[in-house]
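Quantities reported herein were computed from a predicted structural model and do not represent experimental measurements. Reminder, nothing fancy here: chain letters follow the sequence lines and each chain counts from 1.
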Amino acid sequence: MSTDAPAPPKKTNRISLDVSSYRGSKTTLCAGCGHNAISERIVDAFFEMGVDPKRVIKLSGIGCSSKSPAYFLNPSHGFNSVHGRMPSVATGALLANKDLMAIGVSGDGDTGAIGIGQFVHSMRRNLPLIYIVEDNGCYGLTKGQFSPTADLGSKAKNGVVNELPAMDLCALAIELGASFVARSFSGDKKQLLAVLKTAIAHRGTSFIDVISPCVTFNDHDGSTKSYAYVKDHDEPLGEISFIPFFEDISVDYEPGSTTSVKMHDGSHLMLRKLTDDHNPADKMSALRVLHETARRGEFATGVLYIEPDKEDFFQTLNLVNEPLSSLPQARTRPTQAVLDELMETLR
Amino acid sequence: MSTDAPAPPKKTNRISLDVSSYRGSKTTLCAGCGHNAISERIVDAFFEMGVDPKRVIKLSGIGCSSKSPAYFLNPSHGFNSVHGRMPSVATGALLANKDLMAIGVSGDGDTGAIGIGQFVHSMRRNLPLIYIVEDNGCYGLTKGQFSPTADLGSKAKNGVVNELPAMDLCALAIELGASFVARSFSGDKKQLLAVLKTAIAHRGTSFIDVISPCVTFNDHDGSTKSYAYVKDHDEPLGEISFIPFFEDISVDYEPGSTTSVKMHDGSHLMLRKLTDDHNPADKMSALRVLHETARRGEFATGVLYIEPDKEDFFQTLNLVNEPLSSLPQARTRPTQAVLDELMETLR
Amino acid sequence: MSAPLSATEPQLSASPSRIVNDFSIQVATVNGSGSQTANLVLLRSIFQMGVPVSGKNLFPSNIAGLPTWYTIRANHRGYIGRKKEIDFLIAMNAETAKDDVMSLEPGRAVVYDEPLKLDALRTDLVFYPVPFDKIVAEVCSEAKLRRLVKNMIYDGIVAELLSIDLAEMEKALSRQLGKKPKAMALNMAALEAGKKYAAEQLTKRDPYTVAHMDKTAGQILIEGNAAAAMGCLFAGVTVVAWYPITPSSSLPESLIGYMRKYRIDKTTGQATFAIVQAEDEIAALGMVVGASWSGARAMTSTSGPGISLMAEFVGLAYYAEIPAVIFDIQRVGPSTGLPTRTAQGDILFAALNSHGDTRHVLLIPASVEECFEMSMDAFDLSERLQTPVFVLSDLDLGMNTWMSQTFTYPEKPLDRGKVLDAAKLQEFSGAWGRYKDVDADGIPWRSLPGTNMPAFFTRGSGHNDMALYSERPDDYVKNLDRLARKFETARTLVPKPIVRIEPDAKIGIIAYGTTHWAVEEARDQLREEAGLVTSYLRLRAYPFTPVVDEFIRQYDRVYVVEQNRDGQMLSLLRMDTDPASGVRLRSVLHYNGLPIDAKSVADGILAQEKVG
Amino acid sequence: MSAPLSATEPQLSASPSRIVNDFSIQVATVNGSGSQTANLVLLRSIFQMGVPVSGKNLFPSNIAGLPTWYTIRANHRGYIGRKKEIDFLIAMNAETAKDDVMSLEPGRAVVYDEPLKLDALRTDLVFYPVPFDKIVAEVCSEAKLRRLVKNMIYDGIVAELLSIDLAEMEKALSRQLGKKPKAMALNMAALEAGKKYAAEQLTKRDPYTVAHMDKTAGQILIEGNAAAAMGCLFAGVTVVAWYPITPSSSLPESLIGYMRKYRIDKTTGQATFAIVQAEDEIAALGMVVGASWSGARAMTSTSGPGISLMAEFVGLAYYAEIPAVIFDIQRVGPSTGLPTRTAQGDILFAALNSHGDTRHVLLIPASVEECFEMSMDAFDLSERLQTPVFVLSDLDLGMNTWMSQTFTYPEKPLDRGKVLDAAKLQEFSGAWGRYKDVDADGIPWRSLPGTNMPAFFTRGSGHNDMALYSERPDDYVKNLDRLARKFETARTLVPKPIVRIEPDAKIGIIAYGTTHWAVEEARDQLREEAGLVTSYLRLRAYPFTPVVDEFIRQYDRVYVVEQNRDGQMLSLLRMDTDPASGVRLRSVLHYNGLPIDAKSVADGILAQEKVG
Ligand SMILES: Cc1ncc(C[n+]2csc(CCOP(=O)(O)OP(=O)(O)O)c2C)c(N)n1
Ligand SMILES: Cc1ncc(C[n+]2csc(CCOP(=O)(O)OP(=O)(O)O)c2C)c(N)n1
Ligand code: SF4
Ligand code: SF4
Ligand SMILES: [Mg+2]
Ligand SMILES: [Mg+2]
């Protein structure tokens with residue numbers, strides 16, 4: 001897997017903020033927790049993309065992972081909601097104000113167990129939401145029970161073996177119609193950063209399953225979500241590079257081995273394939289890769305599926321351009337004449 | 001699609017009951033509702049398989065479909081539970097008494113909307129449950145709103161067009177690990193009967209999505225779940241014949257075109273393929289067929305996936321042979337010595 | 001609001017042989033048979049003649065083929081609650097005809113389908129046999145339409161027997177069928193055929209008739225759910241998330257209709273609202289909470305089962321102080337109970353909803369007019385108080401057709417509550433804190449995302465008044481005490497009870513919601529038939545206002561009348577009003593799933609008054 | 001059960017310069033630092049010396065690195081409730097050290113990590129600086145083990161300063177580490193090093209010491225959740241479905257341990273139980289309902305948020321009359337509130353859980369012994385009454401370590417309730433009906449699937465007493481009235497309150513659950529310090545039994561002491577007991593998330609007694 005560090009960020013970004021405007025409060029997660037690394041990448045991605053933090057909302061359910069929105073983007077409004085229900089809260093928040101950019105952080109328990117229903121239905125709506133699952137195969141905050149993404153046969157710290165098949169959230173997301181689906185690893189800085197930037201550039205729902213080892217309860221031998229195991233079994237689908245719309249560098253590449261995806265905002269996603277048989281524009285090919293790597297006990301990471309121009313839920317609902325939250329009474333309360341008309345029909 | 005009627009049932013079956021022991025109360029569903037046809041096939045299947053109705057439990061959530069357990073197998077205990085929660089109730093009932101045979105009836109709203117979470121997790125456990133979704137693409141009992149299985153672009157009676165992609169419950173069931181997955185049509189007596197018999201013979205979870213038109217709210221032009229539309233777009237994967245273990249007829253067949261699947265109880269499922277590219281033992285091939293037919297706006301019906309010998313949840317839990325519900329106090333309340341031993345460790 | 005007690009025209013109902021404008025008609029049929037049009041035409045035509053009416057549909061929990069009873073009450077005094085006795089039965093359903101007939105009081109009238117031979121059942125009733133199939137065959141050639149048209153025939157029969165103007169029926173019919181000339185013609189023919197048959201073949205032998213009055217001038221007929229939807233429209237709702245459930249569905253579905261018509265931007269054709277059919281009630285309330293949190297006026301509508309599922313989010317919204325308008329169109333419990341039967345059974349569960357210490361604001365409309373008004377109040381209160389507000393309607397109010405004066409356009413502007421803006425931020429001069437009680441009313445100032453105001457992190461109760469994470473005991477207590485203070489503020493803002501003090505009253509009555517109509521009528525019965533004068537307080541909201549205590553203190557015995565088994569409002573009163581008055585409170589309960597009627601109230605009170 | 005009031009050894013605490021066996025030790029550290037072993041060793045060693053103790057862990061809602069306080073109370077009179085003041089502080093956490101020290105009363109003692117220089121903070125305390133890193137470096141070569149071993153050093157220090165036998169510590173330690181000789185040796189070395197350092201470098205200047213007593217002979221130390229799990233084990237539970245949540249998880253997790261050990265069939269190695277970690281609480285209760293319906297003894301365990309999610313199924317089980325044992329280990333609300341803080345805040349929500357008319361049986365254990373016994377009662381009552389039964393424990397009882405006499409083996413056999421078998425069916429001679437009240441106690445006879453008994457169809461309330469579908473008003477009323485009757489039967493079966501009448505008492509106190517311990521102690525304080533004698537009734541269940549009414553009637557003022565903001569039990573008492581006594585009831589409330597202490601109770605009562 002790729003381990004080279006991301007390019008050192010410039011002092012200030014295109015909206016002349018420095019990185020400190022993207023940081024959060026001090027983490028209360030365990031030292032070494034994968035979730036902390038993900039928070040750092042989120043800070044980098046939003047900083048480097050020059051997103052105005054005041055436009056961003058951070059949402060989560062409950063869990064160690066769900067605590068992490070407090071550890072990035074302090075200038076943004078945050079909402080630590082209830083267990084497994086981040087998607088509905090994010091949906092409502094976005095419907096109220098379509099100008100917002102939403103990042104939702106969940107866990108494999110928060111999403112795979114109690115929250116699987118809201119996950120399923122949020123994938124169908126294609127609302128502009130960056131949906132991140134910090135996936136450690138266990139319930140960290142409640143002290144390490146198996147979650148639905150724990151692999152069959154994976155061992156818990158107390159030696160108990162998981163007896164149920166793992167659920168592959170990426171495969172489900174693809175099956176359910178998510179328009180951008182990726183898997184990454186908290187330890188792969190470069191890949192994760194590129195994936196996050198792509199999600200920021202994407203219009204519609206981005207689902208990102210980030211394998212994020214729990215050093216306290218699931219980092220031992222016999223666990224298939226330990227740092228060691230994941231490092232050994234990470235199968236990157238290819239080299240990812242992301243060129244934001246505001247950096248119009250014309251990169252030349254050999255068409256054969258590299259695919260260039262034009263994002264809705266004009267950014268470009270460059271995918272240099274390592275495996276030929278995967279086409280990120282084709283659901284079936286993405287599913288095949290997932291099934292085959294899973295059979296081999298490997299994690300296929302990178303961009304699994306992307307459909308940059310799919311209609312988003314705002315278009316589906318044909319909303320006015322202004323945020324609904326800011327519409328004046330004149331536009332939301334009909335006139336006396338309307339009431340009279342209605343009364344007439346009932347006389 | 002195949003329309004020849006099923007073989008006329010004998011007067012009494014192998015446990016010398018006649019068909020009346022398998023009937024239910026008079027239906028209160030609309031005349032012509034697909035659900036009624038499914039109830040009739042359930043009666044036939046249990047009668048012809050000679051299942052003791054006293055061993056059967058019937059469970060459901062809420063909906064027109066969920067009412068139907070009252071319309072078959074009167075001698076069996078029934079449970080009309082709460083909306084979307086049939087799977088958990090069935091799971092508990094089976095854990096309490098592994099000798100029971102459970103048939104759960106749900107609807108596309110009951111399972112696809114509020115109940116999708118319990119559906120997902122029940123598919124993972126492979127408990128011996130026959131899980132039937134009577135799929136009409138709408139909420140019948142609440143007067144016809146779109147359900148999550150309504151196709152994109154399908155028209156409601158009032159002209160409103162469905163704007164969300166349909167969820168394919170069969171594809172999800174396969175993805176999640178169900179060991180027997182089939183789709184059928186309430187109008188295809190022969191196929192549905194064979195599928196139901198296979199489910200009765202199968203050990204583990206059988207998921208059956210039966211397209212079952214709602215004549216009152218979803219049987220008009222523009223609906224993709226109307227009788228007319230489904231008849232035109234039904235794509236049977238092959239001729240299905242089922243030979244129960246107690247009828248040891250040795251059928252000869254050309255190996256090429258027909259696959260024979262030996263069920264766990266010794267019955268045989270014969271699949272004469274119409275399409276070569278589908279292998280019911282291979283998840284990916286089943287998913288491919290579903291995706292391709294869906295793209296063509298067709299319904300692939302028949303046996304999609306089957307894994308006859310997968311370990312069931314009772315084995316996973318290593319339960320005693322007797323039903324837990326019937327264990328005497330002597331086997332469930334430890335002795336005084338055990339309490340003393342425990343107290344000793346706490347002194 | 002209250003039934004007009006004056007101007008009862010004695011001369012009208014004077015002669016025993018003639019009972020004018022004071023009776024109930026029941027159409028016994030099966031659902032899915034298309035009788036709804038005929039029933040509404042009947043209801044409307046009487047209404048158009050100036051006679052106060054109400055229409056109640058008693059339907060089964062299925063879609064077609066099961067017994068259904070539609071009851072129309074005409075009453076010159078304006079009583080629009082349910083009347084227990086049926087005076088005029090139209091027996092179209094073979095399955096229930098016998099029971100329907102046997103349950104009538106002597107002297108009542110029965111129109112029935114001839115082949116049913118109901119006249120053999122009793123000798124003390126007036127029977128009108130009608131060969132419906134024969135008549136319908138004559139007017140309707142298309143066999144498959146006959147089942148529907150048949151219904152218009154009984155309207156014609158009734159028009160003749162009760163002397164209802166055919167012109168009014170025609171007018172009412174055209175409202176239903178609008179511009180469908182063919183259907184109009186067919187139905188009119190059926191009406192006339194029915195009237196003709198009655199005129200020629202039946203001799204009037206029952207006392208009931210309709211006569212013109214002036215009691216409905218300028219009034220409207222509407223269902224509570226439609227009225228509530230209108231209220232939401234004029235409340236400027238912007239985000240609606242719902243999940244279908246009887247008897248709530250018709251509220252969001254009416255709202256969808258209104259919004260599509262009146263809330264589409266003329267110039268762009270775009271929507272100034274988002275309505276989402278969620279995957280379940282948990283998601284529906286989650287969306288509402290998220291939407292309110294980022295500044296929308298958001299609502300959901302459901303019934304009991306949904307309220308149960310929403311409990312966790314309700315608690316979060318209470319503690320995190322997020323507005324949410326929740327309509328609960330009550331039905332009897334539990335989930336697989338009787339979804340088509342009415343009740344006032346969610347009072348305690350809604351008031352105390354969710355785990356931990358919680359108290360919620362309840363608004364309880366009694367009329368369609370209040371459905372309209374309280375919908376607007378609900379949004380204003382919810383945003384002002386930054387807390388969930390429940391509107392507790394019920395199946396009887398929500399799904400049945402009620403007479404009402406026309407609704408008045410709201411003159412007070414929307415109250416969006418304490419939302420931080422640049423000016424307000426100035427005032428705080430840098431010291432703004434999300435949960436600071438700067439106005440001593442327990443209500444803090446909130447900032448909205450995307451408005452360039454200072455951000456904060458929303459959590460349940462684990463925060464200090466700067467919204468920073470805190471597990472400190474003192475922060476927690478401070479938080480809870482402020483929430484309690486905020487509830488006291490709510491007490492001063494919710495709709496006040498309506499009180500009718502009778503100087504010479506010996507007892508008091510407390511009721512709420514649809515129970516009001518039965519109580520109004522029962523009070524007249526008690527006064528006129530038992531000489532028992534009563535004072536009356538109608539609760540319209542929780543928390544209770546001080547006048548409730550004052551009212552209770554005035555009477556030794558105060559009867560709390562409600563439609564549930566456990567005396568839920570009485571319990572809430574015992575919990576929250578002066579304990580010294582606890583002994584004065586007594587229950588009159590009605591909980592069989594049917595709307596409560598005046599007689600049950602009067603009898604319930606008299607029974608207890610006898611024993612003293 | 002109650003603290004021994006007799007035999008207080010005055011001579012022990014006589015001399016002011018010496019305070020023996022009556023003080024609290026607090027270890028301030030961070031979670032994840034492995035101090036738990038050291039704290040338990042300290043607790044146990046005092047316990048083994050015959051001195052009554054209790055240990056309470058105040059921990060944050062995260063996994064590692066945040067402030068945690070472990071408090072051990074030693075009290076010769078047997079008070080094991082929380083003591084407000086800390087007498088002996090072990091300050092290991094730099095982050096909180098200052099606050100911890102500043103909050104002490106004068107004259108108290110502080111052991112601290114030398115570099116923190118806490119002695120500079122105050123002059124009115126006894127300070128014991130200890131160079132932990134230096135000492136640990138000497139005994140422990142492996143750097144990465146030092147963080148853990150450090151904790152044993154303070155045990156050694158304390159052993160010396162409070163004269164706790166090192167032998168007892170060794171014994172306690174070996175219980176923890178069992179047969180890990182290497183770890184034993186290392187930790188013993190640390191203990192001794194600590195003791196040695198204290199002996200040589202510190203001079204005892206505080207009054208606190210431990211002296212041998214005989215108050216703990218034959219007693220045990222256990223957490224409430226473990227005790228409840230044992231109760232379930234001996235109740236013969238067969239199906240368990242749960243979803244992890246603090247503070248409940250340790251109940252099912254202890255149960256898994258016990259079941260794996262004692263409920264595996266010796267011969268076959270197969271399990272006589274099924275334990276499923278469900279996908280959420282809705283599914284967990286759904287599985288329990290399904291399992292109970294087909295004859296298993298089934299249970300789930302959760303906390304407030306789970307109770308909110310379970311509400312719909314709870315209502316179904318109430319109406320469909322299906323047993324279900326639900327443990328609610330209460331924490332403060334709401335879901336993103338403080339999951340690691342204790343409360344008695346789910347009383348009303350549990351008692352009235354779900355929409356529609358519902359009333360539920362609550363069992364409320366106050367001690368680990370009652371956790372054990374009431375777990376068994378819960379299954380018997382739930383199966384006998386065919387209804388859900390809540391066991392309302394709390395975080396303080398469930399997760400903290402309590403002293404108790406050993407549990408007694410249940411002599412009465414399991415009560416599986418009214419389950420139809422061939423013999424009983426005979427008695428019915430063909431006339432069995434699922435919901436017939438043949439015994440006039442409101443409890444019908446049920447048949448189980450797979451037992452060859454007659455089948456029936458289970459629904460909510462839409463059925464007659466033959467379990468056939470019915471929407472008839474009379475069937476519905478019959479059903480609801482029987483359920484109410486059944487609740488009256490429950491009243492006669494639930495555990496009775498424990499009443500302590502003092503002849504010369506002027507006031508009464510009512511409490512329940514863990515509040516008991518503070519009340520017991522507060523009653524002594526009131527009598528000894530304010531001359532105020534009190535009578536006391538401890539509620540153990542809902543519905544209330546008649547003795548509650550009798551008790552309240554005896555006193556002008558009855559203080560209901562509870563750990564919530566809204567006086568939830570007082571509200572329930574106002575609802576359900578004689579309204580004439582309503583005025584007598586007053587609240588003493590404690591709701592800061594910490595376990596209630598005696599002083600708060602005494603002060604709360606005295607404050608109100610002053611104003612009279
Ligand atoms: C309704 C409800 N049930 C249970 C819990 C307890 N709980 C808190 S976090 C959590 C699981 C967290 O696991 P995951 O989402 O994987 O997050 P992680 O801690 O592993 O990052 C659970 C069960 C809760 N807070 N609310
Ligand atoms: C918690 C809850 N929410 C909503 C309802 C109302 N409801 C009853 S059936 C139903 C949908 C039924 O649709 P489906 O499962 O497809 O069954 P169908 O009637 O189409 O056969 C709904 C929403 C309910 N009973 N309970
Ligand atoms: S417990 Fe695991 S998931 Fe939670 S913070 Fe620690 S390492 Fe991370
Ligand atoms: S409404 Fe539709 S689904 Fe329901 S019974 Fe009628 S036809 Fe069947
Ligand atoms: Mg996790
Ligand atoms: Mg359906």
Query raised in the report: In terms of heavy-atom pairs under 4.5 Å, which option from D/Ala467, D/Gly295, D/Ala271, D/Ala320 contacts chain B the most?
Result: D/Ala271
Query raised in the report: Contact part of B/Pro69 toward chain D, heavy-atom cut-off under 4.5 Å: side chain, backbone, both or neither?
Result: both
Report summary line: The residue among B/Ile57, B/Val56, B/Asn97 that forms side-chain contact (heavy atoms from CB on, under 4.5 Å) with D/Pro449 is B/Ile57
Report summary line: Bottom line for D/Met376: the part with an atom under 4.5 Å from chain B's heavy atoms is side chain
Requested in this report: May I ask you to test the B/Leu346-D/Thr406 pair for a side-chain heavy-atom distance under 4.5 Å?
Outcome: no
Query - Plane angle bin for D/Trp293 and B/His77 - parallel if under 30°, tilted between 30 and 60°, otherwise perpendicular - result: perpendicular
Requested in this report: Could you check if a side-chain atom of D/Arg459 sits within less than 4.5 angstrom of a side-chain atom of B/Lys67, using non-hydrogen atoms only?
Outcome: no
Query raised in the report: Is the side chain of D/Ser294 donor-acceptor paired with the backbone N or O of B/Ala93 at a distance under 3.5 Å, no angle test?
Result: yes
**Report entry** Side-chain touch B/Leu339/D/Phe372, heavy atoms, less than 4.5 angstrom
**Finding:** yes
**Report entry** Contact leader toward chain D among B/Glu344, B/Arg55, B/Lys58, B/Gln336, where contacts are heavy-atom pairs under 4.5 Å
**Finding:** B/Gln336
Query - Contact class of D/Pro410 relative to chain B, heavy atoms under 4.5 angstrom - result: both
Query raised in the report: Where does D/Thr408 contact chain B at under 4.5 Å (heavy atoms): side chain, backbone, both or neither?
Result: backbone
Query raised in the report: Taking atom CZ of B/Arg347 and atom CZ of D/Arg175, what is their separation to the nearest 0.5 Å?
Result: 9.5 Å
Query - Any B/Arg85 side-chain heavy atom under 4.5 Å of D/Ile282 side chain - result: yes
Query raised in the report: Which atom names give the shortest non-hydrogen contact between D/Ala296 and B/Ser325, and what distance separates them?
Result: N-CB, 4.0 Å
Query raised in the report: Is chain D contacted by the side chain of B/Leu317, its backbone, both, or neither, given a heavy-atom distance below 4.5 Å?
Result: both
Report task. First locate atom OG of B/Ser25, then atom CZ of D/Phe457, and finally report the distance between them rounded to the nearest 0.5 Å. Result -> 8.5 Å
Requested in this report: Measure distances from D/Ala283 to the heavy atoms of chain B and classify the residue's part below 4.5 Å as side chain, backbone, both or neither.
Outcome: both
Report summary line: For B/Pro75 and D/Ala455, the nearest pair of non-hydrogen atoms, with its separation, is O-CB, 3.3 Å
Query raised in the report: Any sub-3.5 Å donor-acceptor pair from D/Gln270's side-chain atoms to B/Asn318's backbone N or O?
Result: no
Query raised in the report: How long is the span from the CZ atom in D/Arg263 to the CZ atom in B/Arg333, to the nearest 0.5 Å?
Result: 10.5 Å
Report task. Can you tell which part of B/Pro334 gets under 4.5 Å to a heavy atom of chain D, answering side chain, backbone, both or neither? Result -> both
Query raised in the report: Do B/Arg331 and D/Asp265 have side chains that get closer than 4.5 Å, going by heavy atoms?
Result: yes
Requested in this report: Using non-hydrogen atoms and a 4.5 Å limit, figure out which bit of B/Glu322 sits close to chain D: side chain, backbone, both or neither.
Outcome: neither
**Report entry** Interchain contact, B/Phe313 with chain D, by part (heavy-atom threshold 4.5 Å)
**Finding:** side chain
Query raised in the report: To the nearest 0.5 Å, how far apart are CG in B/Leu327 and OG1 in D/Thr272?
Result: 6.0 Å
Query - chain B contact via D/Ile275 - which portion, at a heavy-atom distance below 4.5 Å - result: backbone
Query raised in the report: Checking heavy atoms, do the side chain of D/Ala274, its backbone, both or neither come under 4.5 Å from chain B?
Result: both
Report summary line: chain B shares the most heavy-atom pairs under 4.5 Å, among D/Leu285, D/Val239, D/Val237, with D/Val239
**Report entry** Toward chain D, the part of B/Arg125 with a non-hydrogen atom under 4.5 Å
**Finding:** side chain
Query raised in the report: Is there a side-chain contact between B/Leu342 and D/Leu233 (heavy atoms, below 4.5 Å)?
Result: yes
Report task. To the nearest 0.5 Å, tell me how far D/Leu316 CG sits from B/Ile62 CD1. Result -> 8.0 Å
Report task. Give, as side chain, backbone, both or neither, the part of B/Asn74 having an atom under 4.5 angstrom from any heavy atom of chain D. Result -> backbone
Report summary line: With chain D, the option among B/Leu100, B/Thr91, B/Leu319, B/Leu95 that has the most non-hydrogen atom pairs under 4.5 Å is B/Leu319
Report task. For residues D/Met287 and B/Gln118, determine if any side-chain heavy atom of one lies less than 4.5 Å from a side-chain heavy atom of the other. Result -> no
Query - Engaged part of D/Gln219 at the chain B interface, taking heavy atoms whose separation is under 4.5 Å - result: backbone
Query raised in the report: Do B/Val89 and D/Phe313 touch side chain to side chain, with heavy atoms closer than 4.5 Å?
Result: yes
Report task. Look up atom CE in D/Met453 and atom NZ in B/Lys54, then write down how far apart they are to the nearest 0.5 Å. Result -> 8.0 Å
Report summary line: If one checks every heavy atom of D/Tyr258 against chain B at 4.5 Å, the contacting part turns out to be side chain
